[in-house]
There are 4 protein chains.
Amino acid sequence: MSVRRAQARQRRESLLDAALAVFADKGVDGASVKDIAAAAGVTPGLLYHYFPSKEGLLVTMLAERGFMPELRERLRVGHQRPAREVLVELATGFGRMLADRADLVRLFLSGAATDPRIREQLTALVAEGQHLLADYLATRVETGELRPHDTVTAAQMLLSAIVLGQVTDRVPDAAVLVELILHGLIASTSTTSQSPPARN
Amino acid sequence: MSVRRAQARQRRESLLDAALAVFADKGVDGASVKDIAAAAGVTPGLLYHYFPSKEGLLVTMLAERGFMPELRERLRVGHQRPAREVLVELATGFGRMLADRADLVRLFLSGAATDPRIREQLTALVAEGQHLLADYLATRVETGELRPHDTVTAAQMLLSAIVLGQVTDRVPDAAVLVELILHGLIASTSTTSQSPPARN
Amino acid sequence: MSVRRAQARQRRESLLDAALAVFADKGVDGASVKDIAAAAGVTPGLLYHYFPSKEGLLVTMLAERGFMPELRERLRVGHQRPAREVLVELATGFGRMLADRADLVRLFLSGAATDPRIREQLTALVAEGQHLLADYLATRVETGELRPHDTVTAAQMLLSAIVLGQVTDRVPDAAVLVELILHGLIASTSTTSQSPPARN
Amino acid sequence: MSVRRAQARQRRESLLDAALAVFADKGVDGASVKDIAAAAGVTPGLLYHYFPSKEGLLVTMLAERGFMPELRERLRVGHQRPAREVLVELATGFGRMLADRADLVRLFLSGAATDPRIREQLTALVAEGQHLLADYLATRVETGELRPHDTVTAAQMLLSAIVLGQVTDRVPDAAVLVELILHGLIASTSTTSQSPPARN
DNA sequence: CATGAATGAGATTTCATTCAT
DNA sequence: GATGAATGAAATCTCATTCAT
């Protein structure tokens, strides 16, 4: 009985993986149920035992294979550590994550135009990302490391540059990016002289 | 002779317009050739007199209705005017342009995932945009208004924030954005002289 | 389990039969997929479950309904029996076979002009036919019944006359044909003068 | 006025040539009017000034570009010359002609199955060819060079071998072919022993 | 659980022919 | 004569989904 369950879960996972791969590769509309089933090593009919429809498979896949979990993990940075360190780390890691999951990135891009569900997820994703990063920035403002500023917009700037850089194959250098950002964020005039903007 | 030609050109334009409208409305895959032809007041067959395929129509439409011309116009900013003024103006205008043509932005992004020709167009677009803006920044560096810096990355940051903001419906405030940017760019008081981390 | 399989095979056969009938009736281009499906009592879509395309159906049909098996059977003649008897029998039977399946002959010839796979099949068929007949002739040379000669060309002559005769509706008389052939092949010396069986 | 006429005739010829080439290349159904017009360097519309329809163009082309004239020329052999010489010459020349006009050969083959007009032409062609050759053979019978025999079937054998050889890329050697034929036709008795040209 | 045969609706594309210019 | 825009009909093929086995 438990074996059955395990097999079943396995199948489900296979299908989700296959769905991600094939959707990313051919786009949501371009991918046929047959393609996905084949990629998962099953027959089309079986897909309908695990998911109600192609649509349902897409939704579930987005929920279970989405960026959210990893994104949260990655942005749960130590709020006590200095900004430059944290931001460079984050920019690097975030960029790498996007590169690692190029599948999903492509899918989001191609799907955002067409599919309201994907669009929604993308928006939520961006919102959450900005929010988490902005929160961190706010704590650094409180410590006095950073000057008061519109942290959400600042977060947006950083993340946007990384995401779009990924998409257009013009990945910016993390250190440079952070350096540029920081010189608009650090709260002092003369402080700067104490910390000669290095570049990793 | 000329009348015929003119009418033909007209038809072609109609088809491109219809394509833009219908693609934007239903997505590339969701839009049928029949839909587009109907929107242009034409039989589906005629579409193939003017374009080789649905895909070809999409590519051509993006090329001819693309942002390039307007982008160039908009970035051909007065190189003598001060940065803050110019950048706010540009951020505002650029953002508005994208907003006005949100359809196109989405089609570009989604198409880029599928069609290499569209990806190429998009890449060229981004490159050109960054290049033009970076050039302007460089002249301001020369005048001493801005400190030496990696102008390309700076340009990318500004533009990315606007574009992605558009896509995710989180348009940043132009003034705020520029203010943030500038505080890393302005060749302010004494700091800069001490730390001239240039690249460009 | 087996029932399903059997039914599926049955369907496939139906489609092949229908293809042969309809192609023969209307020509390859004149026959629509719809026609063939209808003739098989099936919806057009199903055809693509069994065959990759109309063209693929044609190729497969020619391969599976082709002459090869029967040809081999027919040419596996008794190598011990005298030439005249064997050849007349063969010419008659071969001609009859072609006549019975005139449709197939025409499809082969016309398809060979278009599809390389069909051309290949046809070439193999011809080669095999010549080879088998030539082999038989060679054994008769060894027994001394026939004089040494280019057996392949001789085989080609006989078979060509029958095939082309079929295509152009000018089927030659088997006995006459063989008689003509033999009088160049028989190793005798003066026999010929004794039996001048003319016609015309 | 005469210039116009000349140009018009030129156009017509171009179209016929183009039709032959394109029909042969793609088959009658596979060739579109647009293809043919393009191959002739004109627009589809113009084709309808010179011919009533695609069908009409085909018929006219077959009539004006058919094998008949050349075939007749080639078979109008000197009836006084000895058989071996004439037949070898003829087999060689005929084979070469078919090779030179591979276009037409292919068209006849592919079209014979579908198009009754082409079928008809092919039949007529073969009939005429056999007739002409048979007539020659008959005169040689009268001179005593050849023994009495079914000259039509003999002619058919020779021509079939050449035609099918052409089609299946197994062109037989003209000399060998004629040698084989002759040894069934020559009215001699002991000749055979004098010239036992074997091959195999 | 799992298969894969079957369907029906619809999508893209082709094409011979006509005719205003 | 010559063009090429325009049409309408049809053809090939795809696909999500269902269901008997």
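Residue numbers start from 1 in every chain, and the chains themselves are labelled A, B, ... in the order their sequence lines are given, proteins ahead of strands.
Sorted by first then second residue, the salt bridge (Lys or Arg N to Asp or Glu O under 4.0 Å) pairs that include residues 47-61 of chain B, not counting sequence neighbours, number zero.
When rounded to the nearest whole Å, the span between CG of D:Leu58 and P of E:dC15 equals 16 Å. Put simply, CD on C:Glu13 is 16 Å from C1' on E:dA5, counting in whole angstrom units. Atoms CD (D:Gln7) and P (F:dA2) sit 7 Å apart, rounded to a whole Å. Atom CG in D:Leu15 sits about 10 Å away from atom P in F:dT3, given to the nearest Å. Nucleotide E:dA6 holds its P atom 13 Å from the CZ atom of C:Arg5, rounded to whole Å. Following rounding to the nearest Å, C:Arg4 (CZ) and E:dA6 (C1') show an atom-to-atom distance of 9 Å.
Ion pair D:Asp103/D:Arg65 not flagged as a salt bridge, since none of the NZ, NE, NH1 or NH2 atoms sits closer than 4.0 Å to an Asp/Glu carboxylate oxygen.
A sub-4.0 Å separation between OP1 or OP2 of F:dA6 and a side-chain N or O of B:Arg11 is present.
In this structure C:Tyr48 satisfies the ring-ring contact (aromatic ring centres under 6.0 Å, His included) test with no other residue, sequence neighbours excluded. Shown here are the ring-ring contact (aromatic ring centres under 6.0 Å, His included) partners of A:Phe67, two or more places apart in sequence or in another chain: A:Phe108. Residues that satisfy the salt bridge (charged side-chain N to carboxylate O under 4.0 Å, His left out) test with A:Asp29, not counting sequence neighbours, are absent from this structure. For B:Glu120, the side-chain contact (heavy atoms from CB on, under 4.5 Å) test picks out no residue, with sequence neighbours left out. Partners of A:Ser110 according to the side-chain contact (heavy atoms from CB on, under 4.5 Å) rule, which considers only residues two or more places apart in sequence or in another chain, are A:Leu107, B:Ala113. Partners of B:Thr60 according to the side-chain contact (heavy atoms from CB on, under 4.5 Å) rule, which considers only residues two or more places apart in sequence or in another chain, are B:Arg12, B:Leu16, B:Phe51, B:Glu64.
Two residues are said to be in side-chain contact when any heavy atoms from C-beta on lie closer than 4.5 Å; D:Asp169 and C:Thr123 fail this criterion.
Contacts between residues 49-57 of chain A and DNA chain F, defined by a heavy-atom separation below 4.0 Å, involve A:Ser53, A:Lys54, listed by number. DNA chain F lies under 4.0 Å from at least one heavy atom of each of the following residues of residues 25-39 of chain C: C:Ala31, C:Ser32, C:Val33. Of the residues in residues 41-48 of chain C, those placing a heavy atom less than 4.0 Å from an atom of DNA chain F are C:Gly45, C:Tyr48, in numerical order.
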Show every donor-acceptor pair shorter than 3.5 Å between a side-chain atom in residues 35-44 of chain C and any protein atom, with sequence neighbours excluded, or say none if there are none.
from    : atom 1 : to      : atom 2 : distance (Å)
C:Asp35 : OD1    : C:Ser32 : OG     : 3.4
C:Asp35 : OD2    : C:Lys26 : NZ     : 3.2
C:Asp35 : OD2    : C:Ser32 : N      : 3.1
C:Asp35 : OD2    : C:Ser32 : OG     : 3.2

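Pairing each heavy atom of B:Val167 with each of A:Arg119, the nearest pair is O-NE, 3.9 Å. Closest approach of C:Leu122 and C:Ala112 over heavy atoms only: CD2-CB, 3.7 Å.
Counting only Watson-Crick and G-U wobble pairs whose two key distances fall under 3.5 Å, DNA chain F forms stems of three or more stacked pairs at E:2-21 with F:2-21.
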